[in-house]
Q: 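Input: one structure, supplied below.
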Amino acid sequence: MPVQVRGELLGTRRVGAYHVLTITAPGVPEAARPGHFVALAVGGDNSAMLLRRAFSIHGVTLRGVYGGTVDIAVGVAGPGTQWLANLHRHDPIDVVGPLGRPFALPKQPVSALLVGGGYGAAPLFMLAEELRTRGCRVDVVLGAATEDRLFNVLDAKRMASTLTITTDDGSTGTRGRVTDVLPEIMSRTNTDVVYACGPMPMLAAVTELARSHGAHVQTAVEESMACGIGVCMTCVLPVIGDDGVTRMLRSCVDGPVFRGDRIRWDDLDTIPADCYGAPGSRA
Amino acid sequence: MTRAVISYGPIPVEQLGHDVDMTAELGGTWLPNPVLTASGCAASGRELDTFFDITKIGALVTKSIMLAPRSGRPTPRMAETPSGMLNSIGLQGPGIDGFIEHDLAWLRERGVRTVVSIAGSNADEYTKLAQKLRNVPEILAIEVNISCPNVENKGLIFARDPASAAAVITNVRRNTPSDIPVIAKLSPDVTDIVEIARACVRAGADGLALINTLLGLVIDTTTMRPQLAGITGGLSGPAIRPVAVRCVWEVHQALPEVPILGMGGIRNGVDALQFILAGASAVSVGTATFNDPAAPARVLSELRHELALRGFERLTDAVGHAHRGADVEPEPGLGAEHHSGPVPRWP
């Protein structure tokens, strides 16, 4: 169950182009699983920015001098994320979390391939640790436009059997997209399951490759949200259910992790004509 | 009524020597307190119940339900705006049958006072919705949403035209048990909201919900196209509060006997108090819930405190208090951040 707590910033560190914030948030780290996210209020109590900003949980500590903490990765993209990046140690932060459905974990010690685009890679680190404690092989691919947009290469190196880097401009690693290197890695490591987090076009392409390899694929989507808790119906996308029916599901409570093969990637930002409740249909 | 001369500050209610009777009336129904959720900002209650006890607020207003299941509009459905947001959800929902079977059953089980909000594409659909709800037990009231800006023909055909509005309200009133109030939800996007309000009351509305969102548009300057897939959306949040308070004021002045459920940008107890003083018998907390999921419960305790500070013993005494004639003696300037002493008059 998510909680709303008044947390406190313990510290901010730069990781490439990103800011990693460590926040005390009693009750959140204890319940957090890989793939969960938190929704943070920005701008203070009288802020003109009403909507919470959602961040996947990068890491947690359960105890310490300050009690439990959560780490999140912030890429400054506007005044809200700028406000978060500028916070000082001990500033209060209103935290709601943990939210969403986490990654599904395998029962057997399978071969897992983790694919992260930009700071979308943030939740994959907790996931890698969890997979390794289950005896899984963990390979990692990180991709970004440029070297400074890669997230946390150092930790990825430490936790992965193999780490492959791609950048669009070739500033480090292989020049190109993550999808350029996936087929070779999947055959070499006999990938059973792919976990991916990053921009939607990347998730669509990764899903396609994973399916053609015969691997399961779990994707954590990035949809813009207003509330993060399931009431506003802003963050919907077309997802095929167990019954074969497509519904507009909320990525905040029904996701953000979905089976990649269940998302209708080609129909994002539309209401498919055969969707439950679509205009003209009598579902 | 006696009024203590007190300075503004966080004085606990207990130290003020009296509590405030928060009982509120809404169209012939009595509520233990005047703070409700707003339709579309609380889904069907389940999610918010995690953050505060939804049985403790005045009532839960459900997201407007339509006859058939509905997928809503494509994304993007939302744009943040200064002190507000635009939404273009398009009334996504399970349809009335699924809603009665799952959502209303859960609310009843949980013991939540529930106002059911309904929306139709035409007058006939409203009638059918009322008939579907006729035999459902323990509904507190029906809110007739005739002003959603995010459906075909902008939905405003009803709330923009007195005759269309009246036709819908007549149908719903006729098909609803007499002990269940029918509340018409109106749009501020009209030339004269009083005219629409009057038409709804004549048609049998027991109360009015003021206001729905204002129609707005944001252009994304990167794509150089409208940011919302639906092009236009409904503007909500503190940005629209003065418009909402003005609407409540005008309608209360014209129709002082008609209960008003006031809403539009209420974020804290002082905001809620503005609506009460302007003439609202109860208030809804909407968009603020996206910022603070416990907002309805917090606004309730803050409103209680603000009423106590001003010497009110009953909420009902404060309803419309801003419409009173000139005070015999100037009242102390409570919360006078911008002025002190008597309220200055225009020359």
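Residue numbering restarts at 1 for every chain, and letters A, B, ... go by the order of the sequence lines.
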Q: Measuring from atom OG1 of B/Thr75 to atom CG of A/Asp269, what distance do you get when rounded to the nearest 0.5 angstrom?
A: 3.5 Å
Q: Checking heavy atoms, do the side chain of A/Val96, its backbone, both or neither come under 4.5 Å from chain B?
A: side chain
Q: Give a yes or no on whether B/Arg108 atom CZ has more than 12 heavy-atom contacts from other residues, nucleotides or ligands under 6.0 Å away.
A: yes
Q: Quick check on B/Ser44 against chain A: is it the side chain, the backbone, both or neither that has a heavy atom closer than 4.5 Å?
A: neither
Q: Which answer fits A/Val253, side chain, backbone, both or neither, if we ask what part of it has an atom under 4.5 Å from a heavy atom of chain B?
A: neither
Q: Given that the side chain runs from C-beta out, which part of A/Thr234 has a heavy atom under 4.5 Å from chain B: side chain, backbone, both or neither?
A: both
Q: Between B/Glu80 and A/Arg53 (salt bridge meaning N to carboxylate O under 4.0 Å), is one present in this structure?
A: yes
Q: Once you round to the nearest 0.5 Å, how far does CG of B/Asp292 lie from SG of A/Cys227?
A: 12.5 Å
Q: Using only atom types and a distance under 3.5 Å, with no angle test, would you say the side chain of B/Gln92 pairs donor to acceptor with the backbone of A/Met248?
A: yes
Q: So, using ring-ring contact (aromatic ring centres under 6.0 Å, His included) as the criterion, who are the partners of A/Tyr119 when residues are at least two apart?
A: A/Tyr18
Q: Against chain A, label B/Ala229 side chain, backbone, both or neither, depending on which of its atoms sit under 4.5 Å from a heavy atom there.
A: neither
Q: Is it the case that the side chain of B/Arg267 and the backbone of A/Asp45 share a donor-acceptor pair, with hydrogens and angles ignored and the cut-off at 3.5 Å?
A: yes
Q: Tell me, do B/Arg77 and A/Val236 make a side-chain contact under 4.5 Å, heavy atoms counted?
A: yes
Q: Enter the distance from B/Ser88:OG to A/Met233:CE here, rounded to the nearest 0.5 Å.
A: 13.0 Å
Q: I want to check something: taking the side chain as every heavy atom from C-beta on, are A/Val231 and B/Lys63 in contact at a cut-off of under 4.5 Å?
A: no
Q: Would you say A/Pro279 and B/Ser71 make side-chain contact, with heavy atoms under 4.5 Å?
A: yes
Q: Go through B/Ala294, B/Ala239, B/Pro293 and name the one with the most non-hydrogen pairs under 4.5 angstrom from chain A.
A: B/Pro293
Q: Check whether any side-chain heavy atom of A/Cys232 lies under 4.5 Å from a side-chain heavy atom of B/Met78, and answer yes or no.
A: no
Q: With no hydrogens and no angle check, is any side-chain donor or acceptor of A/Arg52 less than 3.5 Å from a backbone partner on B/Asn291?
A: yes
Q: Above 12 or not: heavy atoms from other molecules or residues under 6.0 Å from CZ of B/Arg46?
A: yes
Q: Do the non-hydrogen side-chain atoms of B/Pro238 and A/Leu50 ever get within less than 4.5 Å of each other?
A: yes
Q: Counting only heavy atoms not in B/Gln131, do more than 12 sit closer than 6.0 Å to its CD atom?
A: yes
Q: Tell me, out of A/Pro238, A/Ala226, A/Ala41, A/Gly43, who's got the most heavy-atom pairs with chain B below 4.5 Å.
A: A/Ala226
Q: Report the option among B/Ala42, B/Pro82, B/Gly237, B/Ala288 that has the most heavy-atom pairs separated by less than 4.5 Å from atoms of chain A.
A: B/Ala42
Q: Say you draw a straight line from CZ of B/Phe290 to CE of A/Met225; how long is it, rounded to the nearest 0.5 Å?
A: 13.5 Å
Q: Would one find more than 12 heavy atoms of other residues, nucleotides or ligands at under 6.0 Å from atom CG of A/Asp243?
A: yes
